[in-house]
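One structure is given below, encoded as structure tokens.
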There are 2 protein chains.
Amino acid sequence: MRSHGTDGGVAQAVLRRFNALRPLSEEDAAALEHAILEGLLRAGPGEDLIAEGDPVDSVRLVLSGWLFRHKTLEDGRRQIVNFILPGETCDSHAYLLSSIDHSITTATPVAYAEIKRARFEQLMAANSTLAEAFMCETLLNSAIQREWIVNLGRRAAFERVAHLFCEIFERLRPVGLVDGNSCALPVTQTDLADATGLSVVHLNRTIQELRACGLIVLKDRTLTIGDLEALKNAAMYSPGYLRLYQAK
Amino acid sequence: MRSHGTDGGVAQAVLRRFNALRPLSEEDAAALEHAILEGLLRAGPGEDLIAEGDPVDSVRLVLSGWLFRHKTLEDGRRQIVNFILPGETCDSHAYLLSSIDHSITTATPVAYAEIKRARFEQLMAANSTLAEAFMCETLLNSAIQREWIVNLGRRAAFERVAHLFCEIFERLRPVGLVDGNSCALPVTQTDLADATGLSVVHLNRTIQELRACGLIVLKDRTLTIGDLEALKNAAMYSPGYLRLYQAK
DNA sequence: TGCTGCCATTAGCTTATGTTAAAGCGGACG
DNA sequence: CGTCCGCTTTAACATAAGCTAATGGCAGCA
């Protein structure tokens with residue numbers, strides 16, 4: 001699964017992730033990379049890629065940058081429902097339901113690839129390994145959402161934020177975006193609050209607390225985790241749901 | 001889409017639901033019903049059909065009765081992550097991830113059909129309409145989970161419980177399990193608390209409040225909704241995510 | 001150089017929700 | 001017929017988290 005010319009081509013994160021979901025042959029990887037290179041696009045930070053109710057007619061793969069899925073109530077309360085990280089898919093298969101039930105917004109500058117529905121279906125029909133990998137991508141997204149439900153429903157603020165940090169760290173690792181015990185966390189505390197169902201003020205208090213316990217350092221949009229095991233304990237984090245063992 | 005002999009065969013709920021997801025031809029419906037009749041099973045109330053970490057090697061369709069998906073933290077806190085209602089699927093495609101990340105338990109006596117993976121894949125390969133319908137089933141489950149995240153993260157107890165009741169009512173309607181403005185709600189208040197992320201005590205308080213407002217009657221495991229519009233307003237319920245307009 | 005605006009932080013106070021415990025209530029069953 | 005048990009309900013009290021508002025830091029920009 002090397003990319004064409006230099007290694008670390010634009011599709012690197014996607015290829016790493018998909019290869020972890022289903023081992024890809026040279027041909028599988030080439031087919032995927034080819035489809036990606038046909039539809040390269042960029043977006044600035046804070047752009048809506050798609051909004052609740054919009055029709056869907058393509059599948060998008062994130063090559064670099066962060067996005068989030070979110071829904072907003074009539075009165076403005078917003079809930080971030082998941083982050084979308086490099087290598088992940090925006091709306092795999094979503095076109096089957098015609099329109100989308102949530103919005104997707106970029107948190108940072110983003111490079112992504114758009115594959116039109118017809119092209120995507122052709123690719124799936126021609127390559128069953130890729131089809132399975134995309135299916136896994138959808139199922140994994142669903143598993144992450146379930147864990148978020150548990151997080152919001154049953155964990156206290158401290159555990160909840162700790163859990164989110166563990167998850168992000170573990171999701172960034174397999175695509176090579178973890179550096180030692182640090183990773184980027186390019187979102188505001190308001191975003192983190194909307195992801196954890198807390199108020200900004202209380203989220204901030206909670207982060208202070210995590211700092212005071214020596215569990216994390218968060219500065220300049222970089223998260224550093226001193227002791228990952230300790231953080232996982234604090235979060236009651238149990239990693240099975242990400243199915244990382246399948247990787248490699 | 002009539003069932004074989006008498007109408008209202010065991011597969012009725014499933015057929016209604018799938019027909020709403022994708023219009024089924026006579027042959028589609030017959031193929032699905034046939035697969036169902038091959039694997040009929042029953043379970044009593046309070047039985048675990050599958051538990052977190054178990055291997056998955058089949059797909060199950062609920063013919064009658066309620067179940068719920070749930071996860072439990074080390075210290076016993078439990079979160080119900082979704083209800084599974086008649087006509088719905090337990091673990092569509094889940095075998096692709098080998099093991100499951102949550103448990104599924106029956107709330108009532110349940111009749112269901114088990115389709116083994118090989119049989120299921122053969123059915124999907126032979127019938128693309130059914131394959132799409134199953135795919136929609138998976139996507140819809142994911143959309144419901146997203147709405148639950150919003151519910152837990154951003155709605156206050158009163159709105160939250162109201163929302164759950166609206167959703168259940170609207171999910172039961174298309175499979176014919178709503179009678180006027182009433183439907184069954186065959187779960188304990190402890191279950192409802194675990195679904196809404198509240199304590200049992202506060203859930204009970206909240207239900208009293210909903211009663212006092214004349215929004216609901218809940219008695220003998222039956223939910224009656226006086227004024228559905230009023231309840232939806234109280235819940236800030238916006239129905240798009242269930243994609244019911246596709247029905248019929 | 002001094003605005004302006006976004007983001008993080010802190011303080012003081014309010015309130016929704018949790019906790020513990022006990023009491024009522026009806027059904028199953030010996 | 002009485003007892004047990006699971007479920008609901010109520011009460012009294014404790015606390016985590018929300019809200020409003022002000023402050024500080026920093027970067028971009030006129």
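It should be emphasised that the depicted structure is a prediction, and the values quoted were computed from it without experimental measurement. We name chains A, B, ... by the order of the sequence lines, and we start the count at 1 in each one.
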Between A/D191 (CG) and C/dA8 (C1'), how many Å, whole number? 13 Å
Determine whether A/L152 and B/I149 make a side-chain contact, defined as any pair of heavy atoms from C-beta on separated by less than 4.5 Å. yes
Check this one for me: any side-chain N or O of B/N204 less than 4.0 Å away from OP1 or OP2 of D/dT9? yes
Between A/E47 and A/R42, does any NZ, NE, NH1 or NH2 come within less than 4.0 Å of an OD or OE carboxylate oxygen? no
Below the 4.0 Å mark, does D/dA12 have OP1 or OP2 next to a side-chain nitrogen or oxygen of B/R205? no
Can you tell me which nucleotide in C/dG18, D/dG18, D/dT8 comes closest to the side chain of A/L198? D/dG18
Please check the phosphate of D/dT8 (OP1 and OP2 only) for any side-chain N or O of B/Q208 closer than 4.0 Å. no
Is the shortest distance from a Lys or Arg side-chain nitrogen in B/D179 or B/R173 to a carboxylate oxygen in the other one below 4.0 Å? no
How close or far is atom C1' of D/dA27 from atom CG of A/D220, stated in whole angstroms? 13 Å
Check every strand shown and say whether B/G46 touches a base, only sugar-phosphate, or nothing at a heavy-atom separation below 4.0 Å. nothing
Distance-only donor-acceptor pairs under 3.5 Å for side chains of residues 52-65 of chain A, two or more places apart:
from	atom 1	to	atom 2	distance (Å)
A/D54	OD2	A/A51	N	2.8
A/R60	NH1	A/L49	O	3.4
A/R60	NH2	A/D91	OD2	3.1

Spacing of B/R155 atom CZ relative to D/dG18 atom P, expressed in whole Å: 16 Å
For B/L185 and D/dT8, give me the distance from atom CG to atom C1', rounded to whole Å. 14 Å
Side chains of A/Q145 and B/W148: any donor to acceptor distance under 3.5 Å? no
May I ask you to say whether A/R154 pairs ionically with A/E159, meaning some side-chain N is under 4.0 Å from a carboxylate O? no
Which of the following nucleotides, D/dT20, D/dA17, C/dT19, is nearest to the side chain of A/V201? D/dT20
By a strict heavy-atom criterion of less than 4.0 Å, which residues belonging to residues 157-165 of chain B are in contact with DNA chain C? B/A157
What I want to find out is whether B/E167 reaches B/R171 closely enough, with some N-O distance under 4.0 Å, to be called a salt bridge. yes
Scan side-chain atoms only and decide if A/R69 and A/H102 contain a donor-acceptor pair under the 3.5 Å cut-off. yes
Among the nucleotides D/dG18, D/dC7, D/dT9, whichever has the atom closest to the side chain of A/S199 is D/dG18
Side-chain donor or acceptor of B/R243 paired with backbone N/O of A/S99 under 3.5 Å: yes
So for the helix from C/dT1-D/dA30 to C/dG30-D/dC1, with five pairs setting each end axis, what is the inter-axis angle to 10°? 30°
Take B/D48 and B/T105 through the test side-chain hydrogen bond (donor to acceptor under 3.5 Å, both in side chains) and record every step on the way to the result. CA-CA 4 Å; B/D48 285 357; B/T105 302; 2.7 Å; yes
Examine D/dC26: is either OP1 or OP2 under 4.0 Å from a nitrogen or oxygen in the side chain of A/R221? Give yes or no. no
When rounded to whole Å, the CZ to C1' distance for the pair A/R154 and C/dG18 reads 10 Å
Please give, in whole Å, the distance from C/dA21 P to B/H202 NE2? 21 Å
For A/I216 and C/dA8, give me the distance from atom CD1 to atom C1', rounded to whole Å. 13 Å
note: A/N151, atom CG; D/dA17, atom C1'; distance rounded to Å ~ 16 Å
